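Read the structure below first, then the notes.
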Amino acid sequence: MNEPLLQVKNLCTSFKVDSGEVRAVNGISFNLDKGKVLGIVGESGSGKSVTAYSIMRILVEPGRITGGQILFNGEDIVKYSKKQMREFRGKRVSIIFQDPMTSLNPVYTIGNQLREAILLHTDRNREQANARALEMLQLVGVNEPEKRLKQYPYELSGGMRQRVMIAMALACEPDILIADEPTTALDVTIQAQILELMQSLQKKLGMAIIMITHDLGVIADMCDEIIVMYAGRICERGTADEIFYNPRHEYTKGLLRSIPRLETGHARLIPIAGSPVDLTNMPKGCAFASRCDNCMKICLGELPEELDINDFHKASCWMNVRQVYEEAAAEKEAESK
Amino acid sequence: MSEYLLEVKDLKQHFLVRTGWFSSKPLKAVDGVSFEIKPGETLGLVGESGCGKTTVGRTILHLYKPTSGEIIYNGQQITPQNIHKFRQEMQIVFQDPYSSLNPRMTVSDIVGEPLDIHKLYGTKGERDARIKELLRLVGLNSDHARRYAHEFSGGQRQRIGIARALAVDPKFIVCDEPVSALDVSIQAQVINTFEDLQQKLGIAYLFIAHDLLVVKHISQRIAVMYLGRIVEIADADEVITHPVHPYTQSLISAIPIPDPNTARARKRIPLEGDVPSPLNMPSGCAFRTRCRYATERCAQECPTLAEIGPGHRIACWNPHE
């Protein structure tokens, strides 16, 4: 079997603050294959962005990776030096951020910022880099690309800036594109444009994408696989169909019940009670236990293990273990009769 | 007396924007908006950023002085002179629960301020009792009254904002993106609170949001705005299932649907380009620069809202079903 492009093994990232250690990412593992789209969903504070920043190694102090491995093509990038990381970023893995308003440098022209990445990572000369920058802007569907190269970020609209960000991220043909809430700051019609663009570019260039979002609608038709995160841990993973139509973690179920649907009729929303856990003071057992309607004794005391639901679906919830036991018991009973 | 609680007629709000040392230009944030709200009804107002939906909400409450147009509440026209009286009837809940609560005031002062301003209590005991009642009404604990806003989570803060709006016992509340700053699981809690309060107290809402799924869920009717004008207004289900204005059609087709099969089967109607600058609006219909069906007439004349079905009005020269 082919080795996955990216393997994250038991990654832990924490922030030391006055009130204690915030375990933003608490031992997560996943694989990403070449050319696949992986969606990571979760609420604010679930650790999805910190996961992305850990892979790029762009955590801000006092954040640091405290354990685990991030293997890219079998090499552990956690052990990379600063220089090696500079080579790695942009060329191997690129990231686009949520806010296109603040992630471009306001005092350099678009052309200047696009060229920088190209000159740094490829052996093109200035002229070739310019041509490449122009080509990239055309690729992402920016109108009048020659004029845009000479403009500053403030002269462009939000959707246009996000296109420039994507062009910049893809200029060196990375193997993985991490999109951290790429459309959250944009209007719906612009969001549709950007998602469509990302889908078509992914097909054209064949890169892998990690799509991070809190919006279940954004990932529904885009992802091959979805990871649901809660309080720094993965609670459920599987194909889009499995997660949406056969959710097996109480949190995922609650999340799907609490969003309004387009279908006509007016069913009352069923919210998840309570509010997210305090990451400095994590409970011993399942982090979701305090908000869970089906909380059992074991949920409070022990962390649930990840259980295979089927070949495409895993969940970490004691309810599934209980179900397995009950089914086994029922079978035994039937046999003894 | 009319059947409507609130009538807005040809409301305009133009802001003067400096374009040079001595020159300025009107920015037509709201340019001729008319609608009605019945008692106890929710009208959803949707549109993309910059379309003027927030300005409509604030102008109704005279937080901005309208450039022209009429706002009629319960048959009486609202003017800058009598607005103080009407603020007992009309309130607002803001988008950002972090910046709309004064960090130096306790919850009881925040919720009690409208009571003080409108002198709605006789004794201090009555004031405290009313504050506790309000907090319970929005699902907060009455012990929370002595704490400060920073001690609460986003969802709880939004509830404090709601309690403040409810303090004067209003009949109409402008909800300006009240759930867009909240997490998905918390959103549902706050949406349910709004619905419960409407049932219990018969309040009418103008519910402003950009999330169409949320608006569809909570509203009886929906108005869609584009660049300062309403382009379509109808029953909520009608707008979602049978949008007629080309802009509404694109907007509905762009909603991210949290259901893989529906999402895969659906065809988006992409919109070309960006919203034009409100300082430099196209002639005629503002949407014509991005419209698939634009004709000459669209460039010359601006379409007005016309009825195409029971309660369904659109502003378009070439409607396509």
Side-chain angles (χ1 to χ4, degrees), chain A residues 41-46 141 143 156-160 183 185-193 195-196 213-223 226 230 239-245 251 254-276 291, chain B residues 46-51 152-156 181-193 195-196 210-220 236-238 240-241 247 250-266 268-275 277 290:
Chain A
V41 243
E43 297 179 81
S44 39
S46 62
N143 60 355
L156 307 184
S157 67
M160 209 59 104
T183 58
L186 305 174
D187 280 319
V188 240
T189 57
I190 310 293
Q191 166 170 294
Q193 287 177 6
L195 292 178
E196 212 120 289
T213 178
H214 68 273
D215 189 335
L216 286 158
V218 167
I219 55 161
D221 67 334
M222 232 189 132
C223 299
I226 294 173
Y230 187 78
T239 58
D241 285 352
E242 284 288 326
I243 296 289
F244 279 95
Y245 301 131
Y251 174 61
L255 213 53
L256 286 168
R257 274 197 299 262
S258 68
I259 44 176
R261 301 286 176 146
L262 197 58
E263 296 91 58
T264 42
H266 190 91
R268 192 176 160 80
L269 301 177
I270 305 168
I272 302 176
S275 40
R291 303 175 74 187
Chain B
V46 293
E48 299 182 272
S49 45
C51 73
F152 295 91
S153 67
Q156 288 175 315
L182 306 175
D183 266 322
V184 201
S185 71
I186 308 297
Q187 255 187 22
Q189 296 175 2
V190 176
I191 292 172
N192 282 351
T193 306
E195 287 188 327
D196 292 344
H210 64 270
D211 186 336
L212 279 144
L213 288 176
V214 169
V215 172
K216 146 84 183 38
H217 178 83
I218 200 167
S219 316
Q220 278 95 53
D237 289 340
E238 181 79 7
I240 300 289
T241 51
Y247 175 65
S250 289
L251 199 64
I252 304 290
S253 83
I255 307 174
I257 299 180
D259 183 329
N261 286 340
T262 325
R264 280 180 212 129
R266 174 177 60 159
R268 289 197 181 113
I269 309 170
L271 274 186
E272 301 279 311
D274 287 306
V275 186
S277 155
R290 301 170 79 193

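Just so we're clear, the structure is a prediction, and the values are computed from it rather than from any experiment. A note on names: the letters A, B, ... follow the listed sequences, proteins ahead of strands, and every chain is numbered from 1.
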Open item on the list: What part of A/R257 gets within 4.5 angstrom of chain B, counting heavy atoms only: side chain, backbone, both, or neither?
Closed with: neither

- [ ] Kindly indicate whether the side chain of A/S275, heavy atoms from C-beta on, has any atom under 4.5 Å from the side chain of B/Q156.
- [x] no

Task: Residue list, side-chain hydrogen bond (donor to acceptor under 3.5 Å, both in side chains) with B/N192, at least two apart or on another chain - done: none

- [ ] Could you have a look at A/D241, A/I270, A/L195, A/V218 and say which one has the most heavy-atom pairs with chain B under 4.5 angstrom?
- [x] A/D241

TODO: Heavy-atom distances under 4.5 Å only: say whether A/Y251 touches chain B with side chain, backbone, both or neither.
DONE: neither

Task: Derivation of the side chain to side chain contact (heavy atoms under 4.5 Å, CB included) call for A/T189 and B/R290 - done: CA-CA 12 Å; A/T189 57; B/R290 301 170 79 193; 4.1 Å; yes

- [ ] Would you mind telling me which of A/G217, A/G159, A/G141 has the largest number of heavy-atom pairs within less than 4.5 Å of chain B?
- [x] A/G217

Task: Side chain to side chain, A/I259 and B/L213, heavy atoms closer than 4.5 Å - done: no

- [ ] Calculate, to the nearest 0.5 Å, the distance between atoms CD1 and CG belonging to A/I190 and B/L271 respectively.
- [x] 7.5 Å

Task: Heavy-atom closest contact (A/A220 atom, B/R264 atom, distance) - done: O-NH2, 4.4 Å

TODO: Answer with side chain, backbone, both or neither: which region of B/D211 has an atom nearer than 4.5 Å to a non-hydrogen atom of chain A?
DONE: neither

Task: Separation of A/F244 CZ from B/I257 CD1 (nearest 0.5 Å) - done: 11.0 Å

Task: Spacing of B/T241 atom OG1 and A/L262 atom CG [to the nearest 0.5 Å] - done: 9.0 Å

Open item on the list: Under 4.5 Å from any heavy atom of chain A, what part of B/I191 do you find: side chain, backbone, both or neither?
Closed with: side chain

Task: Residue, of A/R268, A/Q193, A/Q191, that accumulates the most heavy atom pairs under 4.5 Å with chain B - done: A/R268

TODO: Quick one: which of B/A254, B/P260, B/A263 has the most heavy-atom pairs under 4.5 Å with chain A, could you say?
DONE: B/P260

Task: Passing candidate, side-chain contact (heavy atoms from CB on, under 4.5 Å) with A/S44, options B/D183, B/V184, B/L182 - done: B/D183

Open item on the list: Within the 4.5 Å heavy-atom criterion, are B/P256 and A/V188 side-chain neighbours or not?
Closed with: yes

Task: Contact origin within A/N143 toward chain B - heavy atom pairs under 4.5 Å - done: neither

- [ ] Enter the distance from B/Q189:CD to A/I272:CD1 here, rounded to the nearest 0.5 Å.
- [x] 8.5 Å

Open item on the list: As an exercise, state the distance from NE2 of B/H210 to CG of A/L186, rounded to the nearest 0.5 Å.
Closed with: 10.5 Å

Task: Under the side-chain hydrogen bond (donor to acceptor under 3.5 Å, both in side chains) test, residues paired with B/Q187 that sit two or more places apart - done: none

Task: Proximal component of B/I255, with respect to chain A [non-hydrogen, under 4.5 Å] - done: both

- [ ] Considering non-hydrogen atoms only, spot the tightest contact between A/P271 and B/S185 and give its length.
- [x] CB-O, 4.2 Å

Open item on the list: Below 4.5 Å, heavy-atom pairs only: which of B/S49, B/G154, B/P270, B/S153 has the largest tally toward chain A?
Closed with: B/S49

